[in-house]
Amino acid sequence: MRRLALALAFATTLAAPLAAQTLRIGMAAETSAADPHNYAAAPNSTYRDHVFEGLTALDARLRPKPALATAWSRRDDRTWVFDLRQGVTFHNGQPFSAEDVVFSFCRVLNNESEVVGSFSREVRRIAAMQVEAPHRLVIRTREPEPLLVSDLASIAIIPRGERSGLTYSSDGCGKEGPWPSVADFNEGRAAIGTGPYRLRSYNRSSLIELTRNDAYWGEKPHWAEVRLRPVTNAGPRLAGLLAGDLDVIEAPATADVPRIRQNQAFALAVSPTTRLIFLQMDQREAAPFVQGPNGSNPLRDVRVRQALSMAIDRRAIAERIMDGLATPAGQLLPEGMRGTVPGAGVLPYDPARARALLAEAGVPNDFSFTLHATNNRYVNDARVAQALAQYFQRIGVTVAVDAMPSNVFFPRRGRKEFSVPMGGWAASAEETQLFLRAWVTTMDRERGFGMSNYGEFSDAEIDRLARTAFATMDEGDRERLMEQASRLVIERLPVIPVHFENAAWAFRRGLAFEGRMDQTTPASEIRPAR
């Protein structure tokens, strides 16, 4: 019945006139809070970037650009100088200065509402901050940080209030307080930024209302008001667009994309993203949910990992399961980004070679494992997991699929309860360093390496190349090191790449939007079509 109703709507709906100066966006997920330091996730970033700004910003291709900082330079590999924008005021009229930056970074370290590690990981890499002048800030990092300029885009700057002379320290800035609470932001008292919009009202589950900041220092956005409405189910989200209740929606269901394309009343934006869907291979001797010969873990043999990779027809998954809204993967990031392997192409599909590799590895037909996955986090995640299991079955591996809600999956994965979890990850900068640092290098909590390396993979050669790259400031040298590390990852497969998700937005005719790699939906980039 629902499909029939949608079909009729597609056949008859005409684009209604745009509400004067108001843009209504249907979000695919709820924000966690109006606190911009709470949690690093796409819905939070969409909200944050309307109201708040960082020292830098990222363009639609994840390249850093000036925001509250107009320029930056380095005195040495660990010392950066930022010239800050003058003449900027917060929404409450307070002038912006370097002291607000220090306060904001200190607040991240003293934010009890932050989901563990979301932003403090970036901030703790900073050893010291020095205010050299009201609009000049010196930042010294603990180690060389080639991606510092990109990382700073995620740290929202908030006003310091009456505080002055606060000294930054990565151990918590002396824990001077009181610091704004999440309730202060949700109720509007602390939701004060320098961004193009002001927060009028916040309701996490129903509606976020924004009004244009007419005192904004940059280009004024077209829309006087923006309404961010979370509609977490794709069906009602599309129905809201068809009924004229929404102007733009995020993430239409892949099955509905062909009909949207065929309907003259609507338009579609599709953007490649860096979100890689992949399988993580457990390297522990005693691997849960894995049954191999004599109690062994066959996943430790690179030939077995290569066999599992060759069993996957990535192009078929992209076309049939993802309805074309995915790019088959051959490496950690889309080709062309720093550290990727030129000409790598899609990883090969060769089930005959896969069976031969299993035989070479001495793995009999009684090899089995459970593939754990989410069923509500990534596009068609449960269906993709079932398809992968079927491919593995065809080369003689017995696979069970256990798909569960993300709020169950992620804590269990963090406790290393799985051996072959299917996950997703998106880079916030255009190079492979971030994936290598989090997912591939040997875990080192003190230095923040391998913090997502749940399978405990460890390779001395990859570690040497990757860790040298992390501390190399010269872009050309760093790119060569990352490319060498990426080649080894493709060969040794501690993770098995499947595809990159493509982000999609549907909107009424009369609007223009190109989409973004980070899957956020900024009203300032949505305009009436010319």
Side-chain angles (χ1 to χ4, degrees), residues 116-117 276-312 332 354-355 357-359 361-378 381-425 435-445 449-459 462-463 489 492-498:
V116 176
L276 176 66
I277 302 300
F278 61 95
L279 300 177
Q280 196 167 32
M281 300 283 102
D282 199 336
Q283 301 301 289
R284 295 171 292 178
E285 288 188 21
F289 299 103
V290 174
Q291 291 79 42
N294 302 315
S296 67
N297 174 13
L299 299 174
R300 302 181 73 193
D301 191 317
V302 66
R303 293 169 296 185
V304 174
R305 301 195 296 273
Q306 290 170 344
L308 293 174
S309 178
M310 288 183 179
I312 302 170
L332 306 178
R355 286 189 288 270
L357 283 170
L358 290 179
V363 176
N365 289 334
D366 60 356
F367 169 39
S368 64
F369 63 81
T370 299
L371 193 165
H372 290 89
T374 56
N375 58 15
N376 64 347
R377 175 62 184 89
Y378 308 109
D381 41 11
R383 291 175 59 200
V384 170
Q386 291 289 349
L388 292 171
Q390 291 174 19
Y391 284 124
F392 298 148
Q393 300 270 18
R394 293 174 188 175
I395 64 168
V397 180
T398 302
V399 179
V401 173
D402 186 359
M404 63 197 72
S406 58
N407 64 345
V408 177
F409 175 89
F410 289 122
R412 291 188 63 188
R413 187 182 67 175
R415 295 191 296 269
K416 302 182 181 181
E417 294 182 11
F418 306 144
S419 286
V420 187
M422 188 184 85
W425 185 85
F435 193 100
L436 293 169
R437 180 194 290 267
W439 295 94
V440 175
T441 51
T442 303
M443 182 176 288
D444 182 340
R445 292 185 180 277
F449 298 149
M451 299 307 290
S452 298
N453 188 352
Y454 306 115
E456 298 188 9
F457 175 80
S458 183
D459 184 290
I462 292 176
D463 281 350
V489 171
R492 297 172 187 177
L493 293 173
V495 298
I496 296 179
V498 179

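Side-chain atoms of Arg377 do not come within 3.5 Å of backbone N or O of Phe410 as any donor-acceptor pair. Listed for the Gln306 side chain is no donor-acceptor partner under 3.5 Å among the backbone atoms of Leu493. Using modelled atom types, no side-chain atom of Arg305 and backbone atom of Ile496 make a donor-acceptor pair closer than 3.5 Å. A donor-acceptor distance shorter than 3.5 angstrom exists from the side chain of Asp381 to the backbone of Asn376, with no hydrogens or angles considered. Side chain of Arg355 to main chain of Arg394: a donor-acceptor pair is present (N/O by atom type, distance under 3.5 Å, no hydrogens or angles).
Summarising the geometry, atom CD belonging to Glu456 is positioned 10.0 Å from atom CZ belonging to Arg300; distances are rounded to the nearest 0.5 Å. Summarising the geometry, atom CE belonging to Met281 is positioned 9.5 Å from atom CG belonging to Asn297; distances are rounded to the nearest 0.5 Å. In this structure, Arg437 CZ and Phe449 CZ are separated by 5.5 Å, a value rounded to the nearest 0.5 Å. A distance of 11.0 Å separates CZ of Phe457 from CD of Gln280, quoted to the nearest 0.5 Å. A distance of 4.5 Å separates CD1 in Ile395 from CG in Leu358, rounded to the nearest 0.5 Å. We find the NE2-CE distance between His372 and Met422 to be 12.5 Å, quoted to the nearest 0.5 Å.
Taking both residues in full, the closest heavy atoms of Leu276 and Leu332 are given as CD2-O, 3.8 Å, listed atom of the first, atom of the second, then distance. Contact record, Val399 with Ala389: CG1-CB, 3.8 Å, taken as the closest heavy-atom pair. Pairing each heavy atom of Ala373 with each of Ala385, the nearest pair is CB-CB, 3.8 Å. Here the closest heavy-atom approach between residue Leu299 and residue Gln283 is recorded as O-NE2, 3.2 Å. Pairing each heavy atom of Pro411 with each of Ser406, the nearest pair is CD-O, 4.0 Å. Here the closest non-hydrogen pair linking Met310 and Ala354 is CB-CB, 4.0 Å.
Side chains of Asp463 and Thr442: a donor on one and an acceptor on the other come within 3.5 Å.
Side-chain contact check for Pro405 versus Asn375: some heavy-atom pair is nearer than 4.5 Å. Using a 4.5 Å heavy-atom cutoff, the side chains of Pro288 and Asp282 are in contact. A heavy-atom distance below 4.5 Å is found between the side chains of Phe409 and Pro421. Side-chain contact check for Phe289 versus Leu371: every heavy-atom pair is 4.5 Å or farther apart. Annotation: side chain of Ser419 is not in contact with side chain of Thr370 (no heavy-atom distance under 4.5 Å). In this structure, the side chains of Val495 and Trp425 stay at 4.5 Å or more apart for every pair of heavy atoms. Side chains of Thr398 and Phe367 form no contact here, defined as non-hydrogen atoms less than 4.5 Å apart. When side chains are defined from C-beta on, Arg284 counts as touching Lys416, because their heavy atoms get closer than 4.5 Å.
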inquiry  = Let's go through Leu388 and Ile312 carefully: what are the C-alpha distance in whole Å and the side-chain angles of both, what is the deciding distance for side-chain contact (heavy atoms from CB on, under 4.5 Å) to 0.1 Å, and is it a yes or a no?
reply    = CA-CA 7 Å; Leu388 292 171; Ile312 302 170; 3.7 Å; yes
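Contacts of Phe278 classified as ring pair (Phe, Tyr, Trp, His ring centres under 6.0 Å), with partners at least two apart in sequence or in another chain: Phe435, Trp439.
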